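Contents: one structure, followed by commentary.
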Amino acid sequence: MLEIKELVKKYGKFTAVDHLSISVGKGEICGFVGPNGAGKTTTMRIMAGLLNATSGNVIIDGVDVTKNPRALREKIGYMPDFFGVYDNLKVTEYMDFYAGAYGIPYKERGPIMDNLLEIVDLAHKKDSYVDSLSRGMKQRLCLARSLVHDPELLILDEPASGLDPRARVEMKEVLKQLQEMGKTIIISSHILPELAEMCTEVCIINQGKLAAQGSVQEIMHKLSQKRIVHVRPLKEMDKMLQILKEQPLVRAIVENTKDVEFDFTGTDEQLANILKQLVVADIPLLSFKEKEGNLEEVFMQVTGGEGV
Amino acid sequence: MMNPVLRREAITSLRGWKNYAVLTFYLLMMTLGAGIFFYASVFQSYRFAFDPQTIVYLYVVLAAIQMALVVLSVPALTAGSISGERERQTLDLLLVTKLSPFSIVIGKLLSSMAFVLLLIISTLPVFSIVFYFGSVGIGALLGMIGFTLTTAFMLGGISIFFSCIYKRTVVSIMLVYIITGVLCFGTLILAALHIFVRSYQDPSMAEMIVMLIPNPGVGFFSLVDSQIGTNITQEVLYNGGNGTQSSFILWAAKNIWMLHMAFQLVVGSIFIILAAGLINPVREHKQKNKSTQTKKKMKKEKKGEE
């Protein structure tokens, strides 16, 4: 669906995007993560056809955005990180305006607007003035606006920024719904852990370059310096500790009253082999699982410790 | 389908108080102008009574006030159209839609033109005083409205152009006023200098006309002049110019307002096209593509020559 090839954007001597190459398949949700000034917004603006690239290509559904941005307007729904609303305009009029701007015939607009306002949970606010809405509501309205022409690809730049926890949850719910509708979504955020569970893929960008790409688990595995494994036996704690201590890949065993945690530096197969040894040794196990690493830690590691 | 920008502007502007304030001020000025005219006519009269024969000058006064108000209000109405979208952070949202930069600019221009038309229509009751006494026909009034609208078109086009360049609306308004001032007084000074410099060599009437075509004041005066049949413009230009003239020059001297209207339409269109180019986010790329294509062509041609 989206392919970015060797994208470069320079502002004078400053390189905002540096030979960035990313590929996102249809129906995927790609989290675009990076510290401030990493080049996320610049890349997204190029994708939306609002900015020219210095070199490289952005291909959406087979069409190059850098060569024919207007042809892709129907396929893209864009939500910027900062946006405003018009004064003296009601929610339905706001939606109607953008529906008109996307060339949707007048007769078809009513059902489309009702459906979208239902999705973003603003149906009860349809007669309110847009400037009277809360920030969270405005964000959801802007999301509904970006969907008015039923685009295949949604480019959402920090859709949850500045929202309180409740509004963030609501926004996440809407995005989940869109995921179920089969939309391809590129979403940038500073709140990676919140996005992680819904993103099929994550791209970590730092100083305009791609630092890591893959599923959250893949990135965690690739970039985590250690894997922490948690084991809880029903009994035979000493016997289990003895076996674990004999393993060359097991380090820093932490013994708690009922369970054990250890650092593991081997592969999945080698970890499975340890489990097999414990089972063969007839140790009754209640749980044997790898602890989920801290995504923020990984992010800080990849981006060289620059603020989230 | 109605331009969505025009439609939205119509909804939002008519809900605010600003346009009603402008409309009220506009009507007050026109009514005040008519009142002062009647008061002055009565007190200047030998018999302290209104002379209906002077009503034709009321038309001139009203048209002049209308023209001045349009010249003052159009930049104020349009100079913030694009910079306002930037300030509100809504321009990007517009540019990612299927609307072309040209239709965005046209929508903005038409909305201010529509408001100018509303101002003109609202003053028709004041103009009707002239019709009550006679002397000026409806054709003349329509001609005046047409002239006012083309002036609004040109000033609106220039205002939108500056609105695309400058973030501050005040800067754009001031620049439009400066340009209007240059067109009004600069061309007059130029023409005067021309007469002064070439006084011994008979200045050509064609050159004078060319210099005065961009002048909105001359255009307006020429229109009123031809409508009330005083033909002052023609006489001044005849006297300023040398002997024999072609029939086109004579026609141009009489109808300089028509040429000015054509000038306004051309200048307005140029600025609108330039404004559309300025807000087009991909214009650099097109230029880049063109230059690359030109380079490729040149290379091919060179190879062919070799």
Side-chain angles (χ1 to χ4, degrees), chain A residues 41 44-55 64-90 92-107 109 129-131 138 141-142 145-146 148-149 151 155 157, chain B residues 1-20 80-108 110-111 167 276-293:
Chain A
T41 299
M44 288 185 139
R45 283 176 65 80
I46 294 171
M47 282 186 219
L50 287 169
L51 203 61
N52 288 314
T54 307
S55 65
D64 195 338
V65 179
T66 54
K67 290 200 174 101
N68 198 358
R70 290 203 64 206
L72 283 155
R73 301 249 157 105
E74 275 178 51
K75 293 178 188 286
I76 298 171
Y78 173 65
M79 181 175 168
D81 48 352
F82 297 106
F83 61 91
V85 290
Y86 298 104
D87 301 335
N88 299 317
L89 207 61
K90 289 178 181 174
T92 43
E93 290 164 346
Y94 178 86
M95 292 292 287
D96 181 75
F97 166 56
Y98 284 104
Y102 277 106
I104 296 165
Y106 191 76
K107 284 179 187 171
R109 291 180 204 169
Y129 283 98
V130 284
D131 50 342
K138 279 180 190 165
L141 180 64
C142 190
R145 175 208 60 78
S146 67
V148 80
H149 56 301
I155 300 167
D157 195 359
Chain B
M1 196 161 65
M2 190 180 179
N3 185 309
V5 177
L6 171 63
R7 190 180 152 87
R8 201 235 336 125
E9 291 277 340
I11 294 171
T12 51
S13 64
L14 291 177
R15 278 197 184 134
W17 59 270
K18 283 178 194 166
N19 283 4
Y20 288 102
S81 52
I82 301 296
S83 54
E85 292 277 351
R86 276 210 181 97
E87 243 169 63
R88 267 195 308 264
Q89 296 178 316
T90 46
L91 187 62
D92 279 355
L93 300 182
L94 265 182
L95 291 170
V96 293
T97 65
K98 277 174 77 181
L99 287 177
S100 65
F102 185 73
S103 49
I104 293 170
V105 169
I106 283 290
K108 292 282 179 187
L110 286 180
S111 69
K167 283 180 185 170
L278 282 174
I279 62 163
N280 188 357
V282 289
R283 70 184 191 281
E284 288 168 30
H285 188 83
K286 279 181 183 170
Q287 283 166 359
K288 220 184 282 173
N289 275 356
K290 273 183 188 172
S291 63
T292 327
Q293 281 169 5

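To find a chain, count down the sequence lines: A is the first, B the second, and so on, and within it residues start at 1. Just so we're clear, the structure is a prediction, and the values are computed from it rather than from any experiment.
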Which atoms of B:Ser100 approach chain A - backbone, side chain, both or neither, heavy atom under 4.5 Å:
both
Would you call B:Lys167 and B:Glu87 a salt bridge, taking side-chain N to carboxylate O under 4.0 Å as the test?
no
Does this structure show an ion pair linking A:Asp157 with A:Arg45, if we count only N-O contacts that are shorter than 4.0 Å?
no
Can you tell me how far CD of A:Glu93 sits from OH of A:Tyr129, rounded to the nearest 0.5 angstrom?
7.0 Å
Can you say whether B:Glu85 sits under 4.5 Å from chain A via the side chain, the backbone, both, or neither, judging by heavy atoms?
side chain
Using heavy-atom distances under 4.5 Å, tell me whether B:Arg88 contacts chain A through its side chain, its backbone, both, or neither.
both
With a 4.5 Å cut-off on heavy-atom pairs, point out which of B:Leu99, B:Leu91, B:Leu93, B:Ile104 contacts chain A the most.
B:Leu93
Pair A:Glu74 + B:Lys98, salt bridge at N-O below 4.0 Å:
yes
Taking every non-hydrogen pair under 4.5 Å, which of A:Tyr86, A:Tyr98, A:Phe82 racks up the most with chain B?
A:Tyr86
Residue part contacting chain B, namely of A:Val148, when any heavy atom lies under 4.5 Å
neither
From B:Thr97 atom OG1 to B:Leu95 atom CG, the distance as rounded to the nearest 0.5 Å
7.5 Å
